[in-house]
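Index from 1, following the sequence. All values reported here derive from a predicted model rather than from experimental measurement. Remember, it's 1-based here, ligands and their atoms both numbered in the order they're listed.
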Amino acid sequence: MLKKKVLYALEQQRGAIVKGGQLADHLGVSRTAVWKAIRALREDGNEILSVPNVGYQLLQTNDTLSEEIISEQLSTEFIGRELTVLPTVHSTNQCLKERDAEGMASGAVIIADGQTRGRGRRRRAFLSEKGEGIYMSILLRLDGRTQDLRQLTICAAVAVAKAINSVCDVQCQIKWVNDIFLGGKKVCGILTEGILSGELQELDTVILGIGVNTGAVPEEIQSIATSTGLETGVYGIRNRLAAEILNQFEAVYLAERQNNGRREILNYYERRMLHLGQQVWVCGAQGDFMATVRGLSEAGALVIQRENGEMEQITSGEIKIAKERTSNESQ
Ligand code: BTN
């Protein structure tokens, strides 16, 4: 479609003025056709400036999601090769589940502009304002392999932290097990869900949901949540960051299957672990208790030290500091 080609051409020179005639020649269409495409792109919300008698400029802050632009920046073998960008949906994890029956390939990805019922862990809501974040889900087929869901969450957390570091040039911290933090507040959450199938109800497909705040954060959660934009002042990165998360995730996911790869991933995670060496509340099925965070086990469990000095490995639940424990807010 011409509209997509025009956007792609402008994206290649984002921030610069591209001559209308040059665009038309490059795409083999008339200048009027280019103008109509620009008009349609603006109607879709793209920030494109017209400079009379000169050309068009895609503004640096433009942040519309685009399948073409994300795909063009992918260096993956299979992650994101089947990519669908949608406007607002209920939940991308739910969308992928519904489409799973259509026989999507491993690595298929859905990215949405917003979510009306974004889901988080422990049945919490994940606020997903339109245009203010990247809401994506990745479908993974296990093809008979056994897979620990926690390890996948860890792979995704490492991939997101690496991607934010590379695109935004800032270091993230990781809060066990599925939250990414920037400047002391949550910037990303990860929800890993398994789908059981067959007579034996075996885990054969996993849906990995990743939500990253990139723009404005709703007022009611501003004390606990932030975004890449708020922390760095840089906006207009959704396509680049989405592609980089997918690139990093494939590399980490494939490395995790190799023996020495896993250790490297765990080391990366542990080095960035929030609250390492600090006293926290461990909240889980057995109730809440205080302990000191000591690290991450080979299996991705949280290693804590109880107040009586005993070391323990936590495989479920979450950690909280006092402020979070008393807050009703969630993302
Ligand atoms: C959490 O913070 O507890 C996890 C949040 C996961 C949010 C992502 S956004 C994309 C995907 N779709 C959902 O409904 N949830 C995940």
Side-chain angles (χ1 to χ4, degrees), residues 65 70 79-80 83-100 104 107-140 149-150 152-161 163-164 172-182 184-195 205-218 220-228 238 241-243 245-246 249 274 283-284 302 316-320 324-325 327-331:
L65 287 170
I70 296 172
I79 298 286
L83 173 69
T84 313
V85 170
L86 297 171
T88 298
V89 298
H90 42 334
S91 148
T92 53
N93 269 29
Q94 191 56 35
C95 279
L96 259 189
K97 272 189 198 166
E98 286 159 11
R99 291 187 178 195
D100 172 45
M104 295 175 105
V109 171
I110 287 184
I111 305 181
D113 195 32
Q115 295 182 121
T116 51
R117 270 177 283 141
R119 296 204 305 255
R121 279 177 85 227
R122 306 182 133 225
R123 296 167 177 250
R124 291 190 187 120
F126 186 84
L127 291 184
S128 315
E129 299 285 308
K130 178 178 158 51
E132 308 296 347
I134 297 168
Y135 315 110
M136 64 157 73
S137 298
I138 307 172
L139 181 122
L140 295 168
L149 292 189
R150 193 172 51 245
L152 273 184
T153 305
I154 286 174
C155 288
V158 167
V160 172
I164 292 179
C172 296
Q173 284 191 294
I174 308 175
K175 183 177 168 210
W176 189 85
V177 59
N178 67 325
D179 288 342
I180 311 294
F181 273 58
L182 257 187
K185 294 181 183 178
K186 178 165 167 174
V187 71
C188 164
I190 296 163
L191 176 67
T192 311
E193 298 184 284
I195 299 178
T205 299
V206 175
I207 291 176
L208 195 64
I210 300 173
V212 189
N213 302 326
T214 55
V217 170
E220 63 266 33
I221 55 166
Q222 274 176 11
S223 63
I224 55 163
T226 190
S227 73
T228 53
R238 285 198 301 169
L241 185 56
I245 291 172
L246 297 175
F249 178 71
L274 195 68
C283 308
L302 181 75
S316 63
E318 61 185 341
I319 56 174
K320 288 184 176 180
E324 294 164 341
R325 201 162 160 261
S327 162
N328 289 324
E329 291 158 345
S330 73
Q331 192 196 14

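For ligand 1, the polar-atom distance check against Gln115 finds a nitrogen or oxygen pair separated by under 3.5 Å. Of the N or O atoms in Arg119, one or more lie within a sub-3.5 Å distance of an N or O in ligand 1.
For atom 3 (O) of ligand 1, the closest non-hydrogen atom on the protein side is Arg121 N, 2.7 Å. Scanning the protein heavy atoms around atom 10 (C) of ligand 1, the nearest turns out to be Thr92 OG1, 3.1 Å. Of the protein's non-hydrogen atoms, the one nearest atom 2 (O) of ligand 1 is Lys186 NZ, 2.5 Å. Nearest non-hydrogen protein atom to atom 5 (C) of ligand 1 is Phe126 CD1, 3.4 Å.
When non-hydrogen atoms are compared, ligand 1 lies under 4.0 Å from the backbone of Met136 (N, CA, C, O) but not from its side chain. At a heavy-atom cutoff of 4.0 Å, ligand 1 is contacted by the side chain of Asn178 but not by its backbone. With a 4.0 Å cut-off on non-hydrogen atoms, Asp179 touches ligand 1 through its side chain and not its backbone. Only side-chain heavy atoms of Ser137 come within less than 4.0 Å of ligand 1; its backbone N, CA, C and O stay farther off.
Those atoms of ligand 1 with a heavy atom of Ile210 less than 4.0 angstrom away are 8 (C), 9 (S), 10 (C). Contact atoms of ligand 1 toward Gly120: 1 (C), 3 (O), 4 (C), 5 (C) (distance under 4.0 Å to a heavy atom of the residue). Within the listing of ligand 1, atoms 2 (O), 4 (C), 5 (C), 6 (C) sit less than 4.0 angstrom from a heavy atom of Gly189. Within ligand 1, counting atoms from 1 as listed, the ones closer than 4.0 Å to a heavy atom of Gly118 are 14 (O).
Residue-environment remark: CZ (Arg122) exceeds the threshold of 12 foreign heavy atoms within 6.0 Å.
The existence of a salt bridge linking Arg238 and Asp113 is confirmed by a sub-4.0 Å separation between a basic side-chain nitrogen and an acidic carboxylate oxygen. Ionic pairing of Lys186 and Glu318 is not present here: no N-O contact between side-chain nitrogen and carboxylate oxygen is shorter than 4.0 angstrom.
A heavy-atom distance below 4.5 Å is not found between the side chains of Ile111 and Leu86.
Counting only N and O atoms by type, the side chains of Arg117 and Gln94 include no donor and acceptor under 3.5 Å apart.
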Legend entry - side chain to side chain contact (heavy atoms under 4.5 Å, CB included) evaluation trace for Cys188 with Ile190: CA-CA 7 Å; Cys188 164; Ile190 296 163; 4.2 Å; yes

Inset, instruction - Begin with the C-alpha distance, continue with both residues' side-chain angles, and end with the deciding distance and a verdict on side chain to side chain contact (heavy atoms under 4.5 Å, CB included) for Glu132 and Thr214. - result: CA-CA 6 Å; Glu132 308 296 347; Thr214 55; 5.5 Å; no

Legend entry - side chain to side chain contact (heavy atoms under 4.5 Å, CB included) evaluation trace for Phe249 with Cys155: CA-CA 7 Å; Phe249 178 71; Cys155 288; 3.9 Å; yes

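For the side-chain contact (heavy atoms from CB on, under 4.5 Å) with Leu208, the qualifying choice from Ile79, Asn93, Leu96, Ile138 is Ile138, the only one to do so.
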